[in-house]
Amino acid sequence: MNSRTRTSHWSYFKVSDYKPICGVLSNSQSRSADIPGPRVTICSLPDDVLLEIFEFCLLDTVDRAGAWPKLVHVCRRWRYIVFTSPLRLNLRLLCTNKTPVRKTMEVWPPLPIEIQYFSVDLRVEDNVIAALEHPNRVHSIFLGGISIPLERLFAVMQEPFPAMEALTLQVEGPGGTVPALPKTFLGGSAPHLRSLTLDGTPFPALPRLLLSSNYLVDLTLDRIPQNGYISPEMMAGSLSALTRLMNLFIKFVSPTSRPDPITRHPPPLTRAVLPALINFYFCGVTGL
């Protein structure tokens, strides 16, 4: 069989892209080989059966957000089945370093957006901004290796992102030189956020955001620079609202990431009860 197949009803596609589907179909055909009567082809399957197959194959795919577009390019019928079941198939628009974002937004339906950039530099800045301009649709954000001026990036992220469940910001640069996230970051609230990672990203107003993040499960504050210092009292007060928090990671860049111990009086002891906590890591100064 050739690596590419064409009929009057089908587009070009790589057979290797559909190994999970071919496996399901070949197993069903082998079981029906001994049954008398005409053989059932994939074109004979009803829509609900095809939908079951699509769901099964996408569940078994690591790159789920990048896999479903291959299905809709096969034929009009497959395209119709996929786009009439976006919730069941958990469809997402994946924006990466190779994605022409504005063109992608014009071509596809208004699906939830996954923003995934492992290196954010001047070459992809416009694409990142274009993806962030749809805050109501953003489901997750991963921005790694950020080396661009942050003012424009922070400006477009001051609106609420009501559907966002995961956020990772990893900023490159020496500690203390990175501008802090403003108080209005994400509109000051993230009600559906489940995972938050700030790496080298100062955010003194974080406690305010955490008070609205009741569904937060994972919180990572890595390489906290001096201008991102948060007092233990404020941190404990905000953590007390995170009753679902399971994983907590806090690491300061250096011992200077704290107030001057000479001018600071010991505060009253503040406690936070985290009933769901499983993992906790702390690296920094423990005394005053």
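By convention here, the first residue in the shown sequence is residue 1.
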**Prompt:** At their closest point, which heavy atom of Leu242 faces which heavy atom of Ser213, and how far apart are they?
**Reply:** CD2-O, 3.1 Å

**Prompt:** Is the closest side-chain heavy-atom distance between His139 and Glu165 below 4.5 Å?
**Reply:** yes

**Asked** When rounded to the nearest 0.5 angstrom, what is the spacing between CE in Met105 and CD1 in Ile113?
**Response** 3.5 Å

**Prompt:** How long is the span from the CE atom in Met164 to the CG atom in Leu193, to the nearest 0.5 Å?
**Reply:** 5.5 Å

**Asked** Any idea which heavy atoms bring Ser189 and Ser212 closest together, and the distance?
**Response** CA-OG, 3.1 Å

**Request:** For residues Leu219 and Leu210, determine if any side-chain heavy atom of one lies less than 4.5 Å from a side-chain heavy atom of the other.
**Result:** yes

**Partner residues of Glu125 under the salt bridge (charged side-chain N to carboxylate O under 4.0 Å, His left out) criterion, sequence neighbours left out** = Arg152

**Message:** Show the nearest heavy-atom pair for residues Pro204 and Pro207, with the distance to one decimal.
**Reply:** O-CD, 3.4 Å

**Message:** Angle between ring planes, Phe142 versus Phe118, binned at 30° and 60°: parallel, tilted or perpendicular?
**Reply:** tilted

**Prompt:** Please walk me through it: do Met157 and Leu167 pass side-chain contact (heavy atoms from CB on, under 4.5 Å)?
**Reply:** CA-CA 12 Å; Met157 297 185 71; Leu167 171 63; 4.2 Å; yes

**Prompt:** Residues sharing Val217's hydrophobic cluster, by side-chain heavy-atom contacts under 4.5 Å among ILVMFWY, directly or via others?
**Reply:** Met246, Ile278

**Request:** Please identify each residue that fulfils salt bridge (charged side-chain N to carboxylate O under 4.0 Å, His left out) with Asp199, with sequence neighbours left out.
**Result:** Arg223

**Request:** Give a yes or no answer on whether the side chain of Gln170 reaches the backbone of Gly145 with a donor-acceptor pair at less than 3.5 Å.
**Result:** yes

**Prompt:** Between Pro112 and Leu91, what is the shortest heavy-atom contact and its length?
**Reply:** CD-O, 3.6 Å

**Prompt:** With a 4.5 Å limit on heavy-atom distance, are the side chains of Thr201 and Ile146 in contact?
**Reply:** no

**Request:** Say whether, by atom type as modelled, one donor and one acceptor occur between the side chain of Thr84 and the main chain of Ile81 under 3.5 angstrom.
**Result:** yes

**Message:** Less than 4.5 Å apart, side chain to side chain, heavy atoms only: is that true for Thr96 and Thr99?
**Reply:** yes

**Prompt:** CD1 of Ile141 to CG of Leu169: how many Å apart, nearest 0.5 Å?
**Reply:** 7.0 Å

**Prompt:** Within a strict 4.5 Å, meaning less than it, do heavy atoms of the Glu159 and Glu133 side chains meet?
**Reply:** no

**Asked** Going through the distances and angles, do Trp108 and Val72 end up as a side-chain contact (heavy atoms from CB on, under 4.5 Å)?
**Response** CA-CA 11 Å; Trp108 297 116; Val72 302; 3.6 Å; yes

**Asked** Is the side chain of Arg88 donor-acceptor paired with the backbone N or O of Glu55 at a distance under 3.5 Å, no angle test?
**Response** no

**Asked** With no hydrogens and no angle check, is any side-chain donor or acceptor of Arg244 less than 3.5 Å from a backbone partner on Ala276?
**Response** no

**Item:** Reported CD1-to-CD1 distance for the pair Ile224 and Ile230, which is rounded to 0.5 angstrom
**Value:** 6.5 Å

**Spacing of Asn90 atom CG and Leu58 atom CG [to the nearest 0.5 Å]** = 9.0 Å

**Request:** Say whether Leu87 and Leu111 are linked into one hydrophobic cluster, either directly or through other cluster members, by side-chain heavy-atom distances under 4.5 angstrom.
**Result:** no

**Heavy atoms of other groups near Arg194 CZ, more than 12 under 6.0 Å** = no

**Message:** In the structure I gave you, are the side-chain heavy atoms of Ile129 and Leu153 within less than 4.5 Å of one another anywhere?
**Reply:** yes

**Request:** Begin with the C-alpha distance, continue with both residues' side-chain angles, and end with the deciding distance and a verdict on side-chain contact (heavy atoms from CB on, under 4.5 Å) for Phe161 and Leu132.
**Result:** CA-CA 9 Å; Phe161 284 66; Leu132 293 172; 4.2 Å; yes

**Request:** Following the transitive rule for hydrophobic clusters with a side-chain heavy-atom cut-off under 4.5 Å over Ile, Leu, Val, Met, Phe, Trp and Tyr, establish whether Trp68 and Ile53 coincide in one cluster.
**Result:** yes

**Asked** Counting N and O atoms only, with roles assigned by atom type, does the side chain of Asp222 sit under 3.5 Å from a partner on the main chain of Thr197, one being a donor and the other an acceptor?
**Response** no

**Message:** Any heavy-atom pair between the side chains of Leu248 and Leu239 that's under 4.5 Å?
**Reply:** yes

**Request:** To the nearest 0.5 Å, tell me how far Arg208 CZ sits from Phe185 CZ.
**Result:** 12.5 Å

**Request:** Please answer: with hydrophobic residues joined when any side-chain heavy atoms are less than 4.5 Å apart, are Phe154 and Leu143 in the same cluster?
**Result:** yes

**Item:** More than 12 heavy atoms from other groups under 6.0 Å of CE on Met234
**Value:** no

**Asked** What pair of heavy atoms forms the shortest contact from Leu216 to Ser195, and how long is it?
**Response** CD1-N, 3.7 Å

**Prompt:** side-chain contact (heavy atoms from CB on, under 4.5 Å) between Leu89 and Leu71: does it pass, once the steps are laid out?
**Reply:** CA-CA 12 Å; Leu89 298 178; Leu71 296 176; 5.9 Å; no

**Item:** Common cluster, Tyr281/Leu277, ILVMFWY with side-chain heavy-atom separation under 4.5 Å
**Value:** no

**Item:** Smallest separation among heavy atoms of Val273 and Pro275, with atom names
**Value:** O-CD, 3.4 Å

**Message:** I'd like to know if Tyr229 and Ile250 are part of one continuous hydrophobic network [Ile/Leu/Val/Met/Phe/Trp/Tyr, side-chain heavy atoms within less than 4.5 Å].
**Reply:** yes

**Message:** Just by distance, no angles: are the side chains of Glu172 and Ser147 close enough, under 3.5 Å, to form a donor-acceptor pair?
**Reply:** no

**Request:** Look at atom CZ of Phe280 and say whether more than 12 heavy atoms of other residues, nucleotides or ligands are closer to it than 6.0 Å.
**Result:** yes

**Message:** A side-chain contact here means heavy atoms from C-beta on lying under 4.5 Å apart; do Asn127 and Cys95 qualify?
**Reply:** no

**Test item: Asn97 side-chain N/O and Val124 main-chain N/O as donor-acceptor pair under 3.5 Å** = no

